[in-house]
Amino acid sequence: MLSKNLDIKAKMILIIQVVSLFSLLLGFAYVIFSNIADFKEDMKNNAIINATLVGDYCAVPLVFDVSESAKETLNKLESIPSLEVGIVYNDKNQVFAEFYKNKNSDTISNKAKKYSWHKFEDTYLSVSKPIYYEKKMAGSIYLRVSTKELRVKISDYLVKMTLLLVALLVVNYVLATWLQKYITGPILKLTKATKEISEEGNYNLRVQQQSNDEIGVLVDEYNKMLSQIYEREEALKQRTNELTITLADLKQTQQKLVNSEKLAALGQLIAGVAHEINTPLGAIRSSIGNIKKTLNFVLNDYPIFVNKLPKNLKTKFLLLIEDSFKNRHVLTSKEERAFKKQITMLLESHGIKNAYSFADTFVDMMVVADIEDYMELLKHADSENIIEVAYKITGLQRSTENIEFAADRASKVVFALKNSSRINNYEEQVLADVTEGIENVLTLYNNQIKQGIEVSKDFKPIPKTLCYFDELNQVWTNILHNAIYAMDLNGKLAIKAYVENENIVVSITDSGKGIPPEEIDQIFDPFFSTKPTGEGTGIGLDISKRIVEKHKGEIKVKSKPGSTTFSVYLPIVKTKDETEQSN
């Protein structure tokens, strides 16, 4: 385990160093070449200025054929250290006056006398400009400037920049070594915690949060998920013990019978709740697997892959990843098919092979617009690998979002299970919103509902009321369970909550087969059930009625084929004094 941690740290430092070195080299190369170009540009401009000035002074001597005056002007070039040769030509391209600093004269023909030109040779710079007098060409001037000072200047500049680069790399290495612990530390702790949980089932384990960034948020959510799972495990253990005791004393007292009914209702939910929890856990496991594979690729192969990309393709590649990260809206199946068809036709019109495969990948990455921007990538010989790498990198965000959604879903189910399964032994009233209990029960029955039941909710603003919240949850559980059973997992379920005459009214209507007229007056009788033997105890509605009456309320039912409505009326009570007065 220690060697693996060291490998991760070493790889993280190496990645930081490689990325930093690459960035620094690019930046330094740009600055160096830019400055060298500026040095040459300055030297060229100075030479052109000198040629222009000398040419202006020699214009009159050229017109009046006074070469001595031009020679005197050229001799003044002696004061310019780097200038080696100066020659003035007449309009016939003949030497009119000349200056050689080293007294080594050689004949230089100015073939392009009518045009300005300059040229850098190995050790000197040549500059030529035409000379005009009253808008008429009188001749031309040629200057040769030594580049020795320029070469020395460039050499000194390169030495300084090299020393600066080395110093920056040393500082970067120290900072990378110091900072990597803030990046790899939380990840290593998460990995260790996950391994211990998978091997030992220790859901009481917690990972210490070290920062408030994205990794810190991930650690915080991870700890919350562990807390919820741990609470669920403890609650299930507690319920198991209570169930064992209740089953042993079931026939002795009515209170134990009530608790038995509640536990029986929970038993009916076990399959659905297990599915509701296993589904997000499966999504989390799958997403973690994808993240693990992609991280291995990012740590080992991604830097090599990116460095091999040509500069123009690298820009497009990074733009594609950025585009995918920005587009996080959810597409319907119909929209996905439409975009795939549209992108496939576009790619085929540009002669792209495997157009449908590429279109499918682009839609998965949520890149559905401006596809023409990535034609260079798609036309490249290694296009399939390039797009696949982009898909892997952007898959990190998709997997993270899947984990977040799944963890949130599991959290809601665990929260609803905890609230719905708690037995209030002390029978204390609490100020609560009854619709919260309905939402909890709907969450627990979500697995059955989503198979073919359409749920509509119309909750008007209602005040909180003092009530036995846990016992009311038992009422909603019994009524909703009967409604789902009556519809055989296929129909419409309408739930309303509103205030009427100082009462909170909750009505639950299902589109099931209905209750026969001859049985409707018996449904609240103990042990009466319309379900087949073994599928119901016949005390659910009796318990519900007793709980509602305990709140000084009333429960009513209306039924016909295709529509059965249970209405619960609960008086609004905001203080305990009001409760005692009503008693």
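Numbering starts at 1 and runs along the sequence shown.
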Check against side chain to side chain contact (heavy atoms under 4.5 Å, CB included), Thr564 and Ile515 | CA-CA 7 Å; Thr564 298; Ile515 304 172; 4.2 Å; yes
Glu439 and Lys457: CA distance, side-chain angles, deciding distance, side chain to side chain contact (heavy atoms under 4.5 Å, CB included) verdict = CA-CA 10 Å; Glu439 293 284 9; Lys457 293 180 289 186; 3.1 Å; yes
For side chain to side chain contact (heavy atoms under 4.5 Å, CB included), just list the numbers for Glu471 and Ile543, CA-CA rounded to whole Å, side-chain angles, deciding distance to a tenth of an Å, and then say yes or no.
-> CA-CA 9 Å; Glu471 295 187 9; Ile543 293 174; over 6 Å; no
Show the numbers, then the answer: is there a side chain to side chain contact (heavy atoms under 4.5 Å, CB included) between Ile520 and Val557?
-> CA-CA 8 Å; Ile520 197 167; Val557 60; 4.0 Å; yes
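In terms of heavy-atom proximity, Gly452 sits nearest to Asn490 at O-OD1, 3.1 Å. Taking each heavy atom of Gly512 and Met487 in turn, the nearest pair found is N-CG, 3.6 Å. Minimum interatomic distance between Ala432 and Phe469 (heavy atoms only, all atoms of both residues): CB-CD1, 3.5 Å. Here the closest heavy-atom approach between residue Thr435 and residue Ala497 is recorded as CG2-CB, 3.9 Å.
Asp542 has its side chain within reach of Arg546: a pair of non-hydrogen atoms, C-beta onward, lies under 4.5 Å apart. Side-chain contact between Asp433 and Ile462: present, with at least one pair of heavy atoms (C-beta onward) separated by less than 4.5 Å. Within the 4.5 Å cutoff, side-chain heavy atoms of Val434 are placed close to those of Ile504. Considering only heavy atoms from C-beta on, Leu493 stays 4.5 Å or farther from Thr509 through its side chain. With a 4.5 Å cut-off on side-chain heavy atoms, Tyr356 and Thr344 count as touching. In this structure, Val548 and Tyr569 have side chains that are not in contact, with every pair of non-hydrogen atoms separated by 4.5 Å or more. Between Leu480 and Ile495, the closest side-chain pair of non-hydrogen atoms falls below 4.5 Å. Within the 4.5 Å cutoff, side-chain heavy atoms of Glu372 are placed close to those of Leu346.
Note: Lys496 NZ to Lys460 NZ = 8.5 Å, rounded to the nearest 0.5 Å. Taken from CD1 in Ile555 to OG in Ser567, the straight-line distance is 8.5 Å, to the nearest 0.5 Å. Atom-to-atom distance recorded for Glu500:CD and Ile572:CD1 is 11.0 Å, nearest 0.5 angstrom. Atoms CD and CZ, on Glu436 and Phe459 in that order, are 11.0 Å from each other to the nearest 0.5 Å. Considering CD1 of Ile484 and CD1 of Ile449, their distance stands at 4.5 Å, rounded to 0.5 Å. With rounding to the nearest 0.5 angstrom, the CD1 atom of Ile453 is 10.5 Å from the CG atom of Leu442.
Stacking of Lys556 on the aromatic ring of Phe566 is not recorded, the 6.0 Å distance cut-off and the 45° axial limit not both being met.
Among the candidates Asn482, Val441, Asn440, the single residue satisfying the side chain to side chain contact (heavy atoms under 4.5 Å, CB included) test with Thr477 is Val441.
With no hydrogens or angles considered, no side-chain donor-acceptor pair links Asp470 and Gln474 at under 3.5 Å.
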